[in-house]
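Take a look at the structure below.
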Amino acid sequence: MLVRDGRIAWAGRSADAPRDAGTRVIGADGAVLLAAFVDGHAHVTETGRALASLDVSAVRGAGELLAAVAALARTAPAGARLLGHGWDESTWADPLLPTPEQLEAAAGGREVFLSRIDVHAGLASAGLLARAGYASDALLEEADHAAVRALATVTGPDETRALQRRALRHFASSGHAAVTEMAAPHVSGEDDLRLLLAPAVEPDPAPTVYAYWARLVESEEHARAELAAWGGALSGLGGDLSIDGSLGARTAALRAPYTDAPHTSGELLLEPPAIAAHVIACTLAGTQAAFHAIGDAAVEAAVEGFRLAALAVGEERLRRARHRVEHLEGVDAPGARSLAAWGVHASVQPRFDELWGFPGDLYEQRLGRERAGALNPVGSLAAAGAPLAFGSDTPVTGAAPWRSILAALRHHHPDERLGALAAVHAHTAGGYAAARAAEGGRGILAVGAPASLALWEAPDVGPGKAGDDPVPAILGLAEAREPRCLLSLADGAVLHRA
């Protein structure tokens, strides 16, 4: 393959490759070249913060969590606040959480904040809670969690940019040429997004960022004003514009109560008329609407909102707008067909099923076996014709694209499994399409397409053995460990070299 001026200029047998004195040759024996990945749903700064924080995803109980905090306290600089991410009590034999007082004692009096794996709930030490004006409580959820987390993680511009650079380097090293940032006031805030979108001051290129801002709009004029305030830098309005919360925090909106908490059915944050108004406004303003919808009641509200919007602007105009919905864990077959008919992109996270979708896992704990078994129906969405984009929701599941692809192939329900090439497409060209950035063949390997590529170590694949379908060889390696990315390019620029 020859790359020239940021595009694929030629492909064929190496012996026939055109070259001149300025051609630089990169040998790729024992490697496979594929289109680079797109993370279809990510939080860049929070990913950088998670990479810089204590990883508590492997702890299996309150005692282990406290021991991990104590170990960090022994090595952290004096006075430093202790941050961690990734605990998941659904994997513990005893789900009892440590108290704020226990956290403070383990940290030797320091402030502690530990976000749950879904980033919709967290644990804080007693002193941090007091400083935030909260009474001592073992668990913070949704708005309370966001408020305390914002206090615990406040950083200046230089530190924030350092976290963002760390995250973008991580994406590049895992074979990504682009990242879809789902910014929201309750996640990272406006200043954070403006820093992320500011022109880079460092010389090294980074993955392209497609940015969404979770601002609800009510009219075309409102939408245009919001877009203008960002200087045309946004791909759309929404993303983590939340119709509901999460299943882990029991705030995802359900049609029937939670099995393990019969007093609640979650929380519906947006009703269909507001959803419809946002979709209509975005359609008329020529931008994408995007929503976070997880529970079946939330997805039902989204579908009804799109239906009302279709009545107002017409189905054809709605289809041309190519809006999107994030997560869609609780979508049913009629909902999938409706969204597909309106051209709505399904931005999904296959690893949600890997982590929480199998018998005995979180979904079954929350919903019971029957309802849990119907979640994350990626195969049904694909069969309905909904365009798929894969993402990680990192730092929720981490930027591990081959793990996401394997999760789609190994879905807990055999009928919902995708083929390997369909899964790879959803994590490459599908990501660009969902961001309305697929022009010129972006995300595919073809002469004339942008040279956004990733070279993967595949020692069992020799020259000529991979043929037209190298994916199975990589997947065989991925079963044992995450494949190593040797080189990643975005539009011909080198992002990462191992």
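FYI, the numbering just counts along the sequence from 1. The figures that follow rest on heavy atoms only: side chains count, while hydrogens, waters and symmetry mates do not.
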Between Thr153, Thr155, Asp192, which is the residue that forms a side chain to side chain donor-acceptor pair (under 3.5 Å) with Thr45?
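Single side chain to side chain donor-acceptor pair (under 3.5 Å) partner of Thr45 among Thr153, Thr155, Asp192: Asp192.
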When rounded to the nearest 0.5 angstrom, what distance separates [atom1] in [X] from [atom2] in [Y]?
X      : Y      : atom1 : atom2 : result
Trp87  : Ile117 : CH2   : CD1   : 10.5 Å
Asp191 : Thr160 : CG    : OG1   : 9.0 Å
Glu329 : Asn376 : CD    : CG    : 4.5 Å
Thr47  : Leu163 : OG1   : CG    : 10.5 Å
Asp39  : Asp393 : CG    : CG    : 8.5 Å
Arg484 : Leu455 : CZ    : CG    : 10.0 Å

Sub-3.5 Å donor-acceptor pair from the side chain of [X] to the main-chain atoms of [Y], do we have one?
X      : Y      : answer
Thr397 : Thr394 : no
Thr180 : Tyr210 : no
Trp342 : Ala310 : no
Asp296 : Arg255 : yes
Thr264 : Ala261 : no
Arg324 : Ala434 : yes
Arg194 : Glu190 : no
Ser246 : Ala249 : yes
His292 : Asp244 : yes
Thr91  : Asp88  : yes

Would Arg366 and Glu89 satisfy salt bridge (charged side-chain N to carboxylate O under 4.0 Å, His left out), going step by step from the backbone distance to the final call?
CA-CA 12 Å; Arg366 294 287 187 267; Glu89 84 291 351; 2.9 Å; yes
Could you label the plane-to-plane angle of the [X] and [Y] rings as parallel, tilted or perpendicular, counting under 30° as parallel and over 60° as perpendicular?
X      : Y      : answer
Phe306 : Phe291 : perpendicular
Trp213 : Trp230 : tilted
Phe37  : Trp402 : perpendicular

Walk me through whether Glu141 and Arg116 qualify under salt bridge (charged side-chain N to carboxylate O under 4.0 Å, His left out).
CA-CA 10 Å; Glu141 294 179 325; Arg116 193 180 184 279; over 6 Å; no
Do the side-chain N and O atoms of [X] and [Y] include a donor-acceptor pair separated by under 3.5 angstrom?
X      : Y      : answer
Tyr212 : Gln288 : yes
Ser347 : His345 : no
His323 : Thr283 : yes
His186 : Asp240 : no

Using a strict cut-off of less than 4.0 Å between a Lys/Arg side-chain nitrogen and an Asp/Glu carboxylate oxygen, indicate whether [X] and [Y] qualify as a salt bridge.
X      : Y      : value
Glu304 : Arg307 : yes
Glu267 : Arg250 : no
Arg410 : Asp353 : no
Glu226 : Arg224 : no

In short, Tyr258 meets Ala252 closest at the heavy-atom pair OH-O, 2.7 Å
Should we count CD of Glu370 as having more than 12 external heavy atoms under 6.0 Å?
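Open: at most 12 neighbouring heavy atoms sit under 6.0 Å from CD of Glu370.
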Against the six-membered ring of Trp356, is Arg351 placed for a cation-pi contact (under 6.0 Å from the centre, within 45° of the normal)?
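No.
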Side-chain touch [X]/[Y], heavy atoms, less than 4.5 angstrom:
X      : Y      : result
Leu196 : Val209 : yes
Leu495 : Leu489 : no
Arg215 : Pro185 : yes
Leu270 : Ser242 : no
Val331 : Leu381 : yes
Ser392 : Gln349 : no
His145 : Leu139 : no
Leu254 : Arg371 : yes

For Cys485 and His496, what are the C-alpha separation, side-chain angles and deciding distance, and is it a side-chain contact (heavy atoms from CB on, under 4.5 Å)?
CA-CA 8 Å; Cys485 180; His496 163 78; 4.1 Å; yes
Determine, stepwise, if the pair Arg442 / Ser452 fulfils side-chain contact (heavy atoms from CB on, under 4.5 Å).
CA-CA 8 Å; Arg442 195 172 294 279; Ser452 294; 4.1 Å; yes
Please report the C-alpha distance between Ser90 and Gln365 in whole Å, then the side-chain angles of each, then the deciding distance to 0.1 Å, and finally whether the side-chain hydrogen bond (donor to acceptor under 3.5 Å, both in side chains) criterion is met.
CA-CA 8 Å; Ser90 74; Gln365 296 171 26; 4.6 Å; no
Indicate, with yes or no, if the rings of His222 and His278 have centres closer together than 6.0 Å.
no
Determine, using ring centers only, whether His327 and His41 are less than 6.0 Å apart.
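Yes, close enough.
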Step-by-step side-chain contact (heavy atoms from CB on, under 4.5 Å) determination, Asp361 to Leu355
CA-CA 8 Å; Asp361 287 346; Leu355 294 173; over 6 Å; no
Output, in order, the C-alpha distance, side-chain angles, deciding distance and verdict of ring pair (Phe, Tyr, Trp, His ring centres under 6.0 Å) for His85 and Phe113.
CA-CA 8 Å; His85 169 73; Phe113 186 81; over 10 Å; no
Identified side chain to side chain contact (heavy atoms under 4.5 Å, CB included) partner of Ile243 from the options Ile294, Val299, Val325, Leu268:
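So, applying the side chain to side chain contact (heavy atoms under 4.5 Å, CB included) to Ile243 and each of Ile294, Val299, Val325, Leu268, only Leu268 qualifies.
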Are Thr287 and Arg436 close enough, and set up right, to give a side-chain contact (heavy atoms from CB on, under 4.5 Å), and what steps lead you there?
CA-CA 9 Å; Thr287 194; Arg436 301 202 304 185; 4.3 Å; yes
